[in-house]
Amino acid sequence: MTEELFRKDGYLRQCEATVTGLVGNAFVVDQTVFYPTGGGQPGDSGHAVRENGQRIRIRDTQNDREHDRILHIVEEGEELPSLGEGISLHIDWERRYRLMRMHSCMHMLCAVVPAPVTGGSIRDGSGRLDFDLPDPPSRDDLEEKLNRVIAENHPMSYTWVTDQEMRDRPELVKTMSVRPPSGAGMVRLVQFGEADLQACGGTHVANSGEIGKVRVESIKNKGRQNRRITIEFA
């Protein structure tokens, strides 16, 4: 099992770790700051530094849920570290921070569109959510409301509830197609002041103001009541 340091502090950029497994073109460590793909958020990239100073480029990070571990996938041609070796892990911080800002923006979008979320994804610089919504909102009005709630600087905080509390409070899961991490006894809730509260395992900025100004790139019909709203940084 890999200790997920990013769950408690999304601003950690590096950590020391010990290699506990080798799987194909990937390695496993006892603890990591690398976020694995999940909840619509892409996995981190970056590099590791071996004891001899050699750098290993990490192109992606994935969950191996069957074995409860995180795979750090190296670039083709890179040499893997040795089992039991101590290494230093460094994420591509600028990319991660953009993903954090956009993931938090998707929570703000949930705050201004009061409808169930049927799907979504986050990319470097943009993100989208699909809403179960009969009529599409006005693009200009939505953009104005979204930027207003972002600029209100809602502070982000974490709280934890039990799996049973999550089952008793289904309103905490806003994305119908993605379930938050559960099964370990506790589920993390992400709250942005009075704007939004929902279960989420992703990484987020400390307050909504860090998201910065955004624009509504498009609003598309994806079914009788499915509206796809795509947001990008302005």
Side-chain angles (χ1 to χ4, degrees), residues 35 37-43 98-159 161-183 187-205 207-234:
Y35 180 85
T37 300
Q41 181 174 331
R98 290 191 297 269
L99 292 171
M100 286 169 61
R101 290 167 56 212
M102 185 52 65
H103 198 155
S104 297
C105 180
M106 295 297 98
H107 283 228
M108 296 301 97
L109 184 58
C110 287
V112 297
V113 180
V117 177
T118 60
S121 68
I122 300 163
R123 297 184 299 278
D124 188 355
S126 66
R128 68 162 177 85
L129 289 178
D130 297 345
F131 291 93
D132 183 8
L133 200 61
D135 300 308
S138 161
R139 181 171 169 176
D140 289 343
D141 288 348
L142 177 61
E143 188 171 294
E144 189 276 329
K145 290 178 181 177
L146 181 56
N147 279 301
R148 185 195 315 149
V149 73
I150 287 172
E152 288 171 351
N153 287 318
H154 295 280
M156 187 277 292
S157 61
Y158 298 136
T159 55
V161 297
T162 64
D163 288 346
Q164 184 58 53
E165 287 178 285
M166 277 296 302
R167 289 190 286 270
D168 294 340
R169 300 176 63 188
E171 73 277 5
L172 293 175
V173 181
K174 297 188 177 181
T175 305
M176 299 162 61
S177 62
V178 177
R179 305 298 299 179
S182 63
V187 179
R188 192 185 72 175
L189 304 181
V190 175
Q191 182 165 4
F192 279 92
E194 299 180 356
D196 186 71
L197 172 65
Q198 59 180 291
C200 179
T203 59
H204 291 276
V205 293
N207 65 78
S208 63
E210 287 188 42
I211 297 168
K213 191 171 184 180
V214 298
R215 61 182 294 270
V216 178
E217 191 276 330
S218 64
I219 301 175
K220 298 179 180 179
N221 295 331
K222 291 293 180 178
R224 188 169 60 88
Q225 288 193 203
N226 204 44
R227 311 295 169 228
R228 174 167 295 177
I229 300 176
T230 300
I231 307 295
E232 61 184 18
F233 294 126

Can you check whether [X] reaches [Y] side chain to side chain, under 4.5 Å on heavy atoms?
| X | Y | answer |
| --- | --- | --- |
| E210 | H204 | no |
| F131 | V117 | yes |
| D124 | P42 | no |
| L146 | M108 | yes |
| R227 | N221 | yes |
| L189 | Y158 | no |
| H103 | C200 | yes |
| D196 | S208 | no |

Checking [X] side chain against [Y] main chain: does a donor-acceptor pair fall under 3.5 Å?
| X | Y | value |
| --- | --- | --- |
| R228 | D130 | no |
| T203 | M100 | no |
| N147 | V214 | yes |
| R98 | S126 | no |

Quiz item: For Q164, does the CD atom sit with more than 12 other heavy atoms under 6.0 Å from it, leaving out its own atoms?
Solution: yes
Self-check item: Axial cation check for F233 ring with R101, 6.0 Å and 45° limits
Solution: yes
Quiz item: How far apart are the C-alpha atoms of I231 and M106, what are their side-chain angles, what is the distance that settles it, and do they pass the side-chain contact (heavy atoms from CB on, under 4.5 Å) test?
Solution: CA-CA 8 Å; I231 307 295; M106 295 297 98; 3.9 Å; yes
Practice problem: Apply salt bridge (charged side-chain N to carboxylate O under 4.0 Å, His left out) to the pair E143 and R139, showing each step before the final yes or no. | Solution: CA-CA 6 Å; E143 188 171 294; R139 181 171 169 176; 5.1 Å; no
